[in-house]
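To keep things clear, I will list the structure first and then write my remarks on it.
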Amino acid sequence: MLSSIARRTAPRVALNRRLLSTTPSRRSDALFVHRDTPYNNPKIPFEFDAANMKRAQEIIARYPPQYKKAAVIPLLDLGQRQNKGWTSISVMNYVAKLLEMPAMRVYEVATFYTMFNREPIGQNFIQLCTTTPCMLCGSTNILNTISEHLGGIKPGQTTKDGKFTLVEVECQGACSNAPMMVVNDDYYEDLTPESTKKILDAFARGEKPKPGPQSSRHTSENSAGLTNLTGKPYGPGEFCLPEFQ
């Protein structure tokens with residue numbers, strides 16, 4: 001053990017050293033920095049049509065006038081739907097002008113939330129969940145099935161015919177029905193490679209397959225069958241003392 005004198009005179013370089021570590025960066029299929037392109041630049045006009053303008057005014061009216069910027073998310077969603085499923089720089093600028101807020105504030109929202117697509121998407125937008133519950137139930141196999149069935153596209157890519165865009169997403173709240181995916185606004189659950197192909201083929205034909213579980217389940221009950229609520233539910237006060245009935 002060092003004496004007190006040795007401890008006071010010993011070099012302190014090692015004691016003051018700060019250990020740093022780095023991890024490799026991962027590429028994302030999301031766009032966070034805007035670059036003008038022929039199909040996405042501020043010179044391309046955009047404004048709500050009559051129906052969406054009426055809807056936008058109804059949304060804005062929900063907030064006090066001084067806080068109407070709180071409507072930025074639903075208005076961006078409205079603009080994205082009108083703009084064939086993606087949020088261009090013109091959509092963002094229009095929403096900023098409509099809400100009288102700095103355009104940069106709108107850019108911050110659009111680049112933070114993954115629900116806003118910064119690039120054009122296909123006619124059918126596939127969001128496949130690959131988070132832990134879905135992964136444990138075979139989402140990797142479903143991802144490979146989708147990729148192969150749609151001509152080898154990878155997450156973040158669109159098929160050559162423009163009918164499908166595929167992305168990987170985090171949990172979408174249907175863990176008990178894993179694996180699952182969202183196509184446009186509908187959930188398709190309890191997927192198998194076979195049922196996934198049938199869904200994709202139906203969309204390719206311009207049809208809309210029935211959403212929900214693709215198994216025998218009605219919603220999210222136990223896959224082995226009901227284990228409770230199998231009898232007649234009791235009514236109010238049925239098990240109370242007679243004087244309280």
Side-chain angles (χ1 to χ4, degrees), residues 29-30 51-52 55 58-59 73-87 113-230:
D29 57 18
N52 280 338
R55 177 64 176 156
E58 292 173 353
I59 294 172
I73 290 180
L75 260 60
L76 279 174
D77 179 70
L78 200 62
Q80 175 167 276
R81 291 175 183 273
Q82 181 177 314
N83 198 47
K84 298 182 179 180
W86 69 290
T87 302
Y113 292 100
T114 56
M115 64 183 283
F116 298 116
N117 302 310
R118 301 288 311 289
E119 285 287 307
I121 62 172
Q123 181 181 351
N124 300 294
F125 186 46
I126 305 172
Q127 301 177 75
L128 177 68
C129 178
T130 55
T131 315
T132 306
C134 281
M135 184 270 293
L136 293 174
C137 292
S139 64
T140 301
N141 195 15
I142 301 301
L143 176 62
N144 293 335
T145 298
I146 296 173
S147 177
E148 294 171 5
H149 199 65
L150 296 181
I153 65 170
K154 303 299 182 183
Q157 296 180 346
T158 301
T159 55
K160 294 180 180 179
D161 59 9
K163 287 188 175 182
F164 295 94
T165 295
L166 170 65
V167 296
E168 287 186 74
V169 295
E170 296 300 320
C171 182
Q172 299 189 106
C175 305
S176 60
N177 293 74
M180 60 82 62
M181 65 181 177
V182 175
V183 182
N184 300 328
D185 289 325
D186 293 310
Y187 277 41
Y188 294 88
E189 307 155 340
D190 293 343
L191 296 173
T192 64
E194 292 73 25
S195 63
T196 301
K197 292 177 183 178
K198 290 181 180 179
I199 293 170
L200 297 177
D201 288 341
F203 276 110
R205 294 191 299 267
E207 303 171 0
K208 182 180 178 180
K210 183 181 179 181
Q214 302 301 302
S215 63
S216 58
R217 288 201 282 185
H218 176 59
T219 52
S220 58
E221 62 267 20
N222 191 327
S223 59
L226 293 177
T227 57
N228 56 18
L229 300 178
T230 56

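A 4.5 Å side-chain heavy-atom check between Glu119 and Thr158 finds every atom pair outside the cut-off. Counting heavy atoms from C-beta on, the side chains of Gln157 and Leu166 never come closer than 4.5 Å. Annotation: side chain of Pro179 is not in contact with side chain of Asn141 (no heavy-atom distance under 4.5 Å). Using a 4.5 Å heavy-atom cutoff, the side chains of Leu200 and Ile126 are in contact.
No side-chain donor-acceptor contact under 3.5 Å links Tyr113 to the backbone of Ile73. A donor-acceptor distance shorter than 3.5 angstrom exists from the side chain of Ser147 to the backbone of Ile153, with no hydrogens or angles considered. In this structure, Gln80 contributes its side chain and Met115 its backbone to a donor-acceptor pair below 3.5 Å. Formation of a donor-acceptor pair under 3.5 Å by the Gln214 side chain with backbone atoms of Gly212 is found in this model. At distances below 3.5 Å, not a single donor-acceptor pair connects side-chain atoms of Asn124 with backbone N or O atoms of Val183. Formation of a donor-acceptor pair under 3.5 Å by the Thr159 side chain with backbone atoms of Leu150 is not found in this model.
Considering every non-hydrogen atom in both Lys84 and Ile121, the closest pair reads O-CG1, 4.0 Å. Nearest heavy-atom pair, Asp190 versus Ser176, reported as atom, atom and distance to 0.1 Å: OD1-O, 4.5 Å. Pairing each heavy atom of Cys171 with each of Cys129, the nearest pair is CA-SG, 3.8 Å. Between Gln172 and Tyr187, the closest heavy-atom pair is O-OH, 2.7 Å. In this structure, Asn177 and Arg217 approach most closely via the heavy-atom pair CA-NH2, 3.5 Å. Closest approach of Phe116 and Thr87 over heavy atoms only: CD2-OG1, 3.8 Å.
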Legend entry - Audit row: Val167, Phe125, side-chain contact (heavy atoms from CB on, under 4.5 Å) steps and yes/no: CA-CA 8 Å; Val167 296; Phe125 186 46; 3.8 Å; yes
Inset, instruction - Check the pair Phe203 / Lys163 against side-chain contact (heavy atoms from CB on, under 4.5 Å), numbers first and verdict last. - result: CA-CA 8 Å; Phe203 276 110; Lys163 287 188 175 182; over 6 Å; no
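Residue His149 forms a side chain to side chain donor-acceptor pair (under 3.5 Å) with just one option from Asn144, Thr196, Asp201, and that option is Asp201. Shown are Asn184, Val169, Thr165, Thr114; of these, the side chain to side chain contact (heavy atoms under 4.5 Å, CB included) with Gln127 is made only by Val169.
To the nearest 0.5 Å, atom CD of residue Glu168 and atom NZ of residue Lys154 are 10.5 Å apart. Atom CG of residue Asn83 and atom CG of residue Leu78 lie 11.5 Å apart, to the nearest 0.5 angstrom. A distance of 8.5 Å separates OG1 in Thr132 from CD in Glu170, rounded to the nearest 0.5 Å. Rounding to the nearest 0.5 Å places CG of Leu143 at 11.5 Å from CE of Met181.
Ion pairing between a basic and an acidic side chain is recognised when a charged N comes within 4.0 Å of a carboxylate O; Arg81 and Asp77 show such pairing.
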